[in-house]
Amino acid sequence: MTQSPRHRPYLTAGAAFEIGLQPMQTAQWLDVGPDHDVFMAAKRARLAGCPPLYYRSLDRSRGAQAELLRLVAANLTAHHADVFTGDARSLNDRIDGSHHDLADPAREPLDVLGGVVEEDFVLFDSEERRDIVVAASNAYTSSGRIVSCVGRDMRFAHDPVPNLNDDLGSRIDRVIGHVQAGKPVVRFNWFVTPIASRLFPAGSHDANVAAGSAAARLLAADHRKAGQTLWLRVERQTFLRLPETGALAFGIHTYSDPLSVISGERDSLMALHRLLGSYSEERLAYGGMLATRGAILKWLEERLA
């Protein structure tokens, strides 16, 4: 049986892009999904050998990497003890049977971490009064945009997003700079895509747009297939300030559910109808939803009738 979505950020989202940070308990920092074993096997395969499309770091980030790994290990054994056992030097995964040497001197701590948890992590550190990316492990997307930010600030990653830097760039910089140790926060992104996998294929953005165009041609013949053709993709972003090094850990966890799972959720149907009807064409095109919007709206309207 298909499970209901774990997160529904569209219920409270507005038409304009919002930062939307909310307080988060440390116990909620990390998550283990129902497909953990299959997903982690695919993630480890993608990150094996630290390919530059998915992994990059500066030498100065090693201390922050080590601190992040220690905090993750402590969090897993404290709040996910049903899945993980071990200590600061090694962890065992009860679900897939994997063993992780957290003290492996031949590997960077962030590299080790990428094979343990479903979250991707990006580390920021301060340089000349601004936060720059000093390390990134990003398996969820294959665009390489986040990883290519190492040595730069996040404005570089946000350049392709329509109007984001112009409208909110300075505010995003301030928000990142003001996250405090002991007060983690969370925010969400979401969109509808024909791509089911949580790990996007090569050329993430172009692949998503191309898949949307192909899905639109299929749905033009029968929009009723939208529920089984399209997927709700939700990205959960966490921000946690590391108390020792002062670096900022930006975590990314992506969820993917068939659109059909909300068939009986009137609030979710209404929210998606409201948002897809109000988003600009530019925003829909960037998210790969412009071609499929008409079919999705028809599918939603039939279930709301």
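Atom set for the values below is all heavy atoms of this structure, side chains included, hydrogens, waters and symmetry mates excluded. FYI, the numbering just counts along the sequence from 1.
In this structure, I262 and Y10 have side chains that are in contact, with non-hydrogen atoms separated by less than 4.5 Å. Residues H79 and L30 fail the side-chain proximity criterion, which asks for heavy atoms closer than 4.5 Å. The side-chain heavy atoms of V186 and L21, taken from C-beta on, include no pair separated by under 4.5 Å. Between N189 and P9, every side-chain heavy-atom pair lies at or beyond the 4.5 Å cut-off. Considering only heavy atoms from C-beta on, Y54 comes within 4.5 Å of R46 through its side chain. A 4.5 Å side-chain heavy-atom check between L240 and L71 finds at least one atom pair inside the cut-off. Counting only heavy atoms from C-beta outward, the side chains of Q237 and F188 never approach each other to under 4.5 Å. Put simply, the side chain of P201 reaches to within 4.5 Å of the side chain of I195, judged on heavy atoms.
Remark: E301 engages no residue in a salt bridge (Lys or Arg N to Asp or Glu O under 4.0 Å) (not counting sequence neighbours). Remark: D37 engages no residue in a side-chain hydrogen bond (donor to acceptor under 3.5 Å, both in side chains) (not counting sequence neighbours). Under the ring pair (Phe, Tyr, Trp, His ring centres under 6.0 Å) criterion, F200 pairs with no residue at all, not counting sequence neighbours. Remark: E118 pairs with R198 by the salt bridge (Lys or Arg N to Asp or Glu O under 4.0 Å) rule, at least two apart or across chains. Residues that satisfy the side-chain hydrogen bond (donor to acceptor under 3.5 Å, both in side chains) test with D96, not counting sequence neighbours, are R44, S98. Applying the salt bridge (Lys or Arg N to Asp or Glu O under 4.0 Å) criterion to D93, with sequence neighbours excluded, gives no partner residue. Partners of E281 under the salt bridge (Lys or Arg N to Asp or Glu O under 4.0 Å) rule, at least two apart in sequence or in another chain, do not exist in this structure.
Both L297 and L259 are part of a single hydrophobic cluster, where members link through side-chain heavy atoms under 4.5 Å apart. L53 and L123 fall into different hydrophobic clusters, where Ile, Leu, Val, Met, Phe, Trp and Tyr side chains are chained together by heavy-atom contacts under 4.5 Å. A single hydrophobic cluster is not seen to contain both L11 and W231; linkage of ILVMFWY side chains at heavy-atom distances under 4.5 Å, directly or through other members, places them apart. Taking hydrophobic clusters as Ile, Leu, Val, Met, Phe, Trp and Tyr residues chained together by side-chain heavy-atom distances below 4.5 Å, Y55 shares a cluster with V112. Cluster annotation: F84 is not connected to V38 through the hydrophobic network of ILVMFWY side chains, with a link wherever side-chain heavy atoms come within less than 4.5 Å.
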Given the rule in the side chain to side chain contact (heavy atoms under 4.5 Å, CB included) test, do V185 and T238 qualify, once you have shown the distances and angles that lead to the verdict? CA-CA 6 Å; V185 292; T238 60; over 6 Å; no
Step-by-step side chain to side chain contact (heavy atoms under 4.5 Å, CB included) determination, V192 to R233: CA-CA 6 Å; V192 181; R233 186 176 178 90; over 6 Å; no
Let me see the working for D82 and R94 under side chain to side chain contact (heavy atoms under 4.5 Å, CB included), right down to the final yes or no. CA-CA 8 Å; D82 57 327; R94 293 175 182 266; 5.7 Å; no
Using side chain to side chain contact (heavy atoms under 4.5 Å, CB included), reason through M24 and R236 one step at a time and then give a plain yes or no. CA-CA 12 Å; M24 174 187 68; R236 180 177 182 262; 3.5 Å; yes
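Remark: D257 CG to R6 CZ distance equals 9.5 Å, nearest 0.5 Å. In this structure, the separation between CG on N92 and OG1 on T85 is 4.0 Å, given to the nearest 0.5 Å. Rounded to the nearest 0.5 Å, atoms CG (L68) and OG1 (T245) are 9.0 Å apart. M289 contributes atom CE, which lies 7.5 Å from atom OG1 of T292 (distance to the nearest 0.5 angstrom). A distance of 12.0 Å separates CD in Q180 from CG in L248, rounded to the nearest 0.5 Å. Once rounded to the nearest 0.5 Å, the distance linking SG of C50 with CG of D111 reads 3.5 Å.
With hydrogens and angles disregarded, no donor-acceptor distance shorter than 3.5 Å links the side chain of S204 to the backbone of T141. With hydrogens and angles disregarded, no donor-acceptor distance shorter than 3.5 Å links the side chain of S61 to the backbone of S57. Formation of a donor-acceptor pair under 3.5 Å by the R241 side chain with backbone atoms of G246 is found in this model. For the pair K43 (side chain) and V116 (backbone), a donor-acceptor distance under 3.5 Å is absent. E235 contributes no side-chain N or O that, together with a main-chain N or O of T254, makes up a donor-acceptor pair within less than 3.5 Å. In terms of modelled atom types and a separation under 3.5 Å, the side chain of S90 and the main chain of G86 share no donor-acceptor contact. Side chain of D120 to main chain of A139: a donor-acceptor pair is present (N/O by atom type, distance under 3.5 Å, no hydrogens or angles).
The salt bridge (Lys or Arg N to Asp or Glu O under 4.0 Å) analysis of residues 259-270, with sequence neighbours excluded, yields the pairs R8-E265. Annotation: salt bridge (Lys or Arg N to Asp or Glu O under 4.0 Å) contacts involving residues 62-78, sequence neighbours excluded, comprise D59-R62, R62-E108, R70-E244.
The one candidate from L47, V122, I252 that meets the side-chain contact (heavy atoms from CB on, under 4.5 Å) condition with S137 is L47.
Residue V147 shares its hydrophobic cluster (ILVMFWY side chains chained together at separations under 4.5 Å) with no other residue.
Under a cut-off of 6.0 angstrom, the local environment of CE in M270 is sparse, with at most 12 non-hydrogen atoms contributed by other residues, nucleotides or ligands. Heavy-atom neighbours of R89 CZ from other residues, nucleotides or ligands within 6.0 Å: at or below the threshold of 12.
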Would you give me the side-chain donor-acceptor pairs under 3.5 Å for residues 218-225, sequence neighbours excluded?
from: D222; atom 1: OD1; to: R224; atom 2: N; distance (Å): 3.1
from: D222; atom 1: OD1; to: R224; atom 2: NE; distance (Å): 2.9
from: D222; atom 1: OD2; to: R224; atom 2: NH2; distance (Å): 3.4
from: H223; atom 1: NE2; to: E302; atom 2: OE2; distance (Å): 2.7

Listing, residues 206-214 side-chain donor-acceptor contacts under 3.5 Å, not counting sequence neighbours, or none:
from: N208; atom 1: OD1; to: T193; atom 2: OG1; distance (Å): 2.6
from: N208; atom 1: ND2; to: G287; atom 2: O; distance (Å): 3.0
from: S213; atom 1: OG; to: V209; atom 2: O; distance (Å): 3.2

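Aromatic ring centres of Y279 and Y286: separated by at least 6.0 Å.
A tilted orientation is assigned to the rings of F250 and F124, their planes being inclined by 30° to 60°.
Side chains of Y255 and D31: a donor on one and an acceptor on the other come within 3.5 Å.
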